[in-house]
2 protein chains.
Amino acid sequence: MGRQMTEMLKGTLEGIVLAILSARPAYGYEITARLREMGFSDIAEGTVYALLIRIEQRGLVDVEKHPSEKGPPRKVYSLNAQGQEYLEDFWGTWSFLAERLEQLRKGE
Amino acid sequence: MGRQMTEMLKGTLEGIVLAILSARPAYGYEITARLREMGFSDIAEGTVYALLIRIEQRGLVDVEKHPSEKGPPRKVYSLNAQGQEYLEDFWGTWSFLAERLEQLRKGE
DNA sequence: TACTGGTACATAGTAACACAGAGTAGTTGG
DNA sequence: CCAACTACTCTGTGTTACTATGTACCAGTA
């Protein structure tokens, strides 16, 4: 992945994953696959799992273990109330940034 | 500043500064002031200076020293050809990210 | 003269995050 | 048995923005 994308994902990847979870619960491997479909073709698996552990420790998601038909059991994450609130903050921050950048892009 | 904003600025602040410089040359103190006017109210001065040194070392900007009426001489930065190219890459990366995020925001 | 405040740049140390790369397990099919 | 897919974990590294502090230069003023 490009250096620019790597740096830009810092902070936003977390929001992206929370947004995915706000649609419906999901587990790590599934989220990774979803990201790849979205075009984030080479986000490292390890990055996603580490992020999930982080947001779990911050209490933004609830976790349940479900057996899988194939492979080891899945850790299914779902956004809780605190996570929902945090996601709204994220959208606020994102909007602020996106507006300034659109302004900058036009302004020349 | 919030944790979210701090993380999101990683990767974007560089582009923001380059975009400011693409409009016209500027020096560090001036850029910091411009950022504050834009609403990035508490971006640390040290952050901007460090960033300017970084982009100078990468060869994205040219530097000239100009005497100042008040205080020490100014280091005036201007975007060069390589910087222009890099900025275009930045806009490409940004657009990609912004599109996915808008999609995610709508999709629920 | 001494002091204050604004201008202008620099640096050392810290925390957070994405990445690379390797490893551990379980299941299925050749 | 082993390759391929599923599913999660862990260690170490580089980049970045922040905090905090320091240097330096000038104007106005008491």
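Chain letters run A, B, ... following the sequence lines, proteins first, then strands; residues in each count from 1.
Nucleotide D:dA7 holds its P atom 15 Å from the CG atom of A:L35, rounded to whole Å. Here C:dC17 presents its C1' atom at 14 Å from CZ of A:F90, a figure rounded to the nearest Å. Nucleotide D:dG14 holds its C1' atom 16 Å from the CD atom of A:Q4, rounded to whole Å. For the pair A:R36 CZ and C:dC19 C1', the computed distance is 12 Å after rounding to whole Å. Between the P atom of C:dA18 and the CD1 atom of A:I31 lies a distance of 14 Å, rounded to the nearest Å. What separates CE of A:M5 from C1' of D:dG14 is a distance of 19 Å, to the nearest Å. A straight line from CZ of A:R34 to P of D:dA7 spans 13 Å, rounded to a whole angstrom.
Considering CD1 of B:I16 and CG of B:L87, their distance stands at 11.5 Å, rounded to 0.5 Å.
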Please tabulate the protein-to-nucleotide N/O contacts below 3.5 Å involving nucleotides 2-6 of chain D, giving atom names and distances.
unit_1	atom_1	unit_2	atom_2	d
D:dT6	OP2	A:Y29	OH	2.7
D:dT6	O5'	A:Y29	OH	3.4
D:dT6	O3'	A:K70	O	3.3

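Scanning both residues, A:G11 and B:E7, for their nearest heavy atoms gives CA-CB, 3.6 Å. The two residues B:A26 and B:L21 make their nearest non-hydrogen contact at N-CD2, 3.7 Å.
The phosphate of D:dG14 has neither OP1 nor OP2 within less than 4.0 Å of any side-chain N or O from A:R3. At least one side-chain nitrogen or oxygen of B:K75 sits closer than 4.0 Å to the OP1 or OP2 atom of C:dA10.
Aromatic ring centres of A:Y27 and A:Y49: separated by at least 6.0 Å.
A search for side-chain contact (heavy atoms from CB on, under 4.5 Å) contacts involving B:A98 returns A:W94, B:W94, not counting sequence neighbours. Residues satisfying the salt bridge (charged side-chain N to carboxylate O under 4.0 Å, His left out) criterion with B:R58, sequence neighbours excluded, are B:E14. Contacts of B:E99 classified as salt bridge (charged side-chain N to carboxylate O under 4.0 Å, His left out), with partners at least two apart in sequence or in another chain: none. For A:R36, the side-chain hydrogen bond (donor to acceptor under 3.5 Å, both in side chains) criterion is met by no residue, not counting sequence neighbours. In this view, A:E102 and A:R105 satisfy the salt bridge (charged side-chain N to carboxylate O under 4.0 Å, His left out) rule, not counting sequence neighbours. The ring-ring contact (aromatic ring centres under 6.0 Å, His included) check on B:Y29 picks up nothing, with sequence neighbours excluded. Among residues two or more places apart in sequence or in another chain, the side-chain contact (heavy atoms from CB on, under 4.5 Å) test is passed with B:T6 by B:M1. The side-chain hydrogen bond (donor to acceptor under 3.5 Å, both in side chains) search around A:E30 returns A:R34, not counting sequence neighbours.
Residues B:V63 and B:V76 fail the side-chain proximity criterion, which asks for heavy atoms closer than 4.5 Å.
Salt bridge status for B:E64 with B:K75: absent, with no side-chain N to carboxylate O gap under 4.0 Å.
Proximity of residues 7-18 of chain A to DNA chain D (heavy atom under 4.0 angstrom from any strand atom) is restricted to A:E7, A:K10. A heavy atom lying under 4.0 Å from DNA chain D marks the following residues of residues 38-54 of chain A, by number: A:E45, A:G46, A:Y49.
Between the axis at the start and the axis at the end of the helix from C:dT1-D:dA30 to C:dG30-D:dC1 there is an angle of 10°, using five pairs per end and rounding to 10 degrees.
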